[in-house]
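What follows is a short report on a single structure.
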There are 2 protein chains.
Amino acid sequence: MRATIHDVAREADVSLSTVDRVLNGRAGVRKATVTRVNDAIARLGYQRNVEAANLAKKRLYRFVVLIPDGPNAFMQSLRDGLAALGPLLAPDRIELQALAIPAFDAAALATRLDGIAPGTVDGVAMVATEGRAVSEAVARLQAQNVPVVTLVSDLPGSARARFIGIDNVAAGRTAAGLLGRFCEKTPQKLAVIAGSMLVRDHVERRLGFEQVIRTEYPHLEILPTLEGRDDAAVVHQGLQALLAAHPDIGGIYSLGAGNRGLIRALDGARHTPRPAIVVHELTPHTREALISGLFDAAINQDPARELRAVVAVLRALVDRAPIDPIIERIGVEVFLRDNLA
Amino acid sequence: MRATIHDVAREADVSLSTVDRVLNGRAGVRKATVTRVNDAIARLGYQRNVEAANLAKKRLYRFVVLIPDGPNAFMQSLRDGLAALGPLLAPDRIELQALAIPAFDAAALATRLDGIAPGTVDGVAMVATEGRAVSEAVARLQAQNVPVVTLVSDLPGSARARFIGIDNVAAGRTAAGLLGRFCEKTPQKLAVIAGSMLVRDHVERRLGFEQVIRTEYPHLEILPTLEGRDDAAVVHQGLQALLAAHPDIGGIYSLGAGNRGLIRALDGARHTPRPAIVVHELTPHTREALISGLFDAAINQDPARELRAVVAVLRALVDRAPIDPIIERIGVEVFLRDNLA
DNA sequence: GTCGTTGTGACTAACGTACGTCAAAAAAAA
DNA sequence: TTTTTTTTGACGTACGTTAGTCACAACGAC
């Protein structure tokens, strides 16, 4: 049988009320008494029964999740997953509110964050775009005791409590390891397509990618990064030009979205031999391109799992409970045409 | 505000007691009244507050996990993970009991299962070895309302409620896709090392592997599977003989354990060019071999995550609650030397 | 000494459910 | 109809915690 506050009260030789005052940080308890109670708690290994506490408090967890708007298929699946998750969380008294924000727009994100009324929300998660204003808005929220976590793309150097997402440097290194082995062993060029260098996940993926290519595959030359803004039309145009300018492109790493543009550009240019291609995220389009053999590998993060991790972490943060490192950890999955589910 | 049993009672125009009888399947309620109550529940969208119910019931979840004994590093990490998980689950009134069983021994497993007293355990998880006696023991437990889930290795055709683990066919296909691309394009042979064909995960991995190699890489010839019983010494000896007999082995897929034996055999035989090697599970030894460049890829499943999934699924099963498909899903991770954490 | 302040204890009503008892009502059987 | 059986209602207590009220000390300041 677990110890209860009654046991603690008896052990510390104080009343129930005093234990409650200590436990919930209420005023009116002498320092010496606080120590007595805490000692008793430690001695008994008392742990508050969160279920009973929540029942008594009628606690409600109100979380806001900010996800970029637009045609990005991954963000779309994140939004869909959020909508699907809502009903599942009702029994735990967790309410999720989705908020759409313009992609790659730090100012808009900061404005949205500042628009969150402190009393109405218990935690915030966001796919971050880097910017001073954003970091400051995060700091304000945290100061108001509203925990903020970043999702998919981090905001390093800010006050955000946690980052939920894959290790993007490792993802970039994985892409490089695969592409390095898939490419012929003769000198050739690699194209890198990113969305924007304003989002940290893209920056980190490119960093990891370059680390490995430079040190392990020096015969491969990395071309300047094409910024496609996760937009198929922009990617299409940019890549078309790149392929025309460099007939010896042997591999392509697409570390952002807009892969429809990549597919179209390759369909247009009859490049032989076909370059090896590693992309990010399993979406209907990338899946199809894997099956047809156009893409060689897709590095995937599971959005549904990330959302569950966000909820678990935010909950632990508001409860000031320890965070399970396993729940928090998001794995990098590699899909080839051969192992598509 | 969520509906409570009070609301349901009012809506159905019956007393609290009757709602309780219906909800908990107690006898003494007319069929017509049951329908009235259930209609009210549906109309209000009532969901039982599990926390309050558990509080009232002083519910305790007692789960038993059966994990193979022996030097297998992956099973060792499962056992370690289980021990570490125990304290984390105490607040949720979940008790985990680890039970070691001999590896690849269906009879011993069945005996252990039969030795579980029905009243003392609420759920069972096991790393299964296939066998008729095992399936029958599982059926008996399930019949006694003790849910059984398989972990890591499945027991298809049995009454087990769920399987928690990776898609092993997909894992084998992944290995084949990688090895096919890593190997030279000239005809050569592939060695496959398994633990035993008595465990389903190994069977399925080999199946997936052969599917892909046969159809996509017909120039690669798969040698008869070496059964190493997850034992380094057996693997060492067997592989040594195999390498001596076939100087043209260009790739090795080790889908079980005992990789220390694989490493030793390769260190002994100075095989050039070094064969491409894909193994399973990140352990200290496979990690080291990846870094040194001896292994090319390791396919990993996260044991800690699997254990958490087991607990979540067993809990949902005893509560007859819906199972979140995302929690249940275990991803296949691919590690190259480049993306080791 | 009286005053206000601070620390403490005793008590109570919730939160939503489980589960028991007992009596009353309704339905079925005699 | 009466008797028996089945069905239903009313009520109480419990689970562990929160959060409030009220009373009464002990303490120092004046």
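Everything numeric here is computed off the predicted structure, so don't read it as measured data. Letters go in sequence order (proteins before strands), and every chain restarts at 1.
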Are there any protein N/O atoms within less than 3.5 Å of an N/O atom in nucleotides 20-26 of chain D, and if so, which ones and at what distance?
none

Where do N or O atoms of nucleotides 23-30 of chain C meet protein N or O atoms at under 3.5 Å, pair by pair?
none

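By the neighbour-count criterion of 12 heavy atoms within 6.0 Å, atom CG of Asp13(A) is sparsely surrounded, having that number or fewer from other residues, nucleotides or ligands.
Between the CD1 atom of Ile5(A) and the P atom of dT18(D) there is a distance of 6 Å, given to the nearest Å. One atom, CG of Leu55(A), and another, P of dC15(C), lie 9 Å apart when rounded to the nearest Å. Counting to the nearest Å, the P atom of dC15(D) and the CZ atom of Arg93(B) are 12 Å from each other. Following rounding to the nearest Å, Asn54(A) (CG) and dT18(D) (P) show an atom-to-atom distance of 9 Å. Separating the NE2 atom of His6(A) from the P atom of dT18(D) is a distance of 12 Å, rounded to the nearest angstrom. Note: CG (Leu23(B)) to C1' (dT17(C)) measures 9 Å, nearest angstrom. Summarising the geometry, the separation between CG on Asp92(B) and P on dG16(D) is reported as 15 Å, rounded to the nearest angstrom. Rounded to whole Å, atom P of dG16(D) lies 15 Å from atom NZ of Lys57(B).
Between Asp122(A) and Arg315(A) there is no salt bridge, since none of the side-chain N atoms of the basic residue sits less than 4.0 Å from a carboxylate O of the acidic one.
In the set dT8(C), dT17(C), dG16(D), dT17(C) carries the atom at the smallest distance from any side-chain atom of Thr4(B).
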I would like to know whether Glu95(A) and Arg62(A) meet salt bridge (Lys or Arg N to Asp or Glu O under 4.0 Å); could you show each step before the answer?
CA-CA 5 Å; Glu95(A) 283 176 6; Arg62(A) 296 157 303 174; 5.9 Å; no

Using the salt bridge (Lys or Arg N to Asp or Glu O under 4.0 Å) rule, take Asp20(A) and Arg26(A) through it: C-alpha gap first, then chi angles, then the decisive distance, then the call.
CA-CA 8 Å; Asp20(A) 180 67; Arg26(A) 279 185 263 277; 2.6 Å; yes

Residue pair Leu16(B), Thr18(B): steps toward the side-chain contact (heavy atoms from CB on, under 4.5 Å) verdict:
CA-CA 5 Å; Leu16(B) 228 55; Thr18(B) 303; over 6 Å; no

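Residue Ser15(A) has no polar side-chain atom (N or O) positioned under 4.0 Å from OP1 or OP2 of dA10(C). OP1 or OP2 of dG9(D) lies within a sub-4.0 Å distance of a side-chain N or O belonging to Thr18(B).
Side-chain contact of Gln301(A) with Glu281(A): a donor-acceptor pair under 3.5 Å is present, judged by distance alone. In summary, the side chains of Tyr46(A) and Asn38(A) do not present any donor paired with an acceptor at a separation below 3.5 Å, with no hydrogens or angles considered. At a cut-off of 3.5 Å, with distance as the only test, a side-chain donor of Tyr61(A) or Asp319(A) sits close to an acceptor on the other residue.
Nucleic acid contact class of Asn24(A) (heavy atoms, under 4.0 Å, all strands): sugar-phosphate only. Asp7(A) comes within 4.0 angstrom of no nucleic acid atom, judged by non-hydrogen atoms across all strands. Using a 4.0 Å heavy-atom cutoff across all strands shown, Val50(A) reaches no nucleic acid atom at all.
Pairing each heavy atom of Asp302(B) with each of Glu333(B), the nearest pair is CB-OE1, 4.4 Å.
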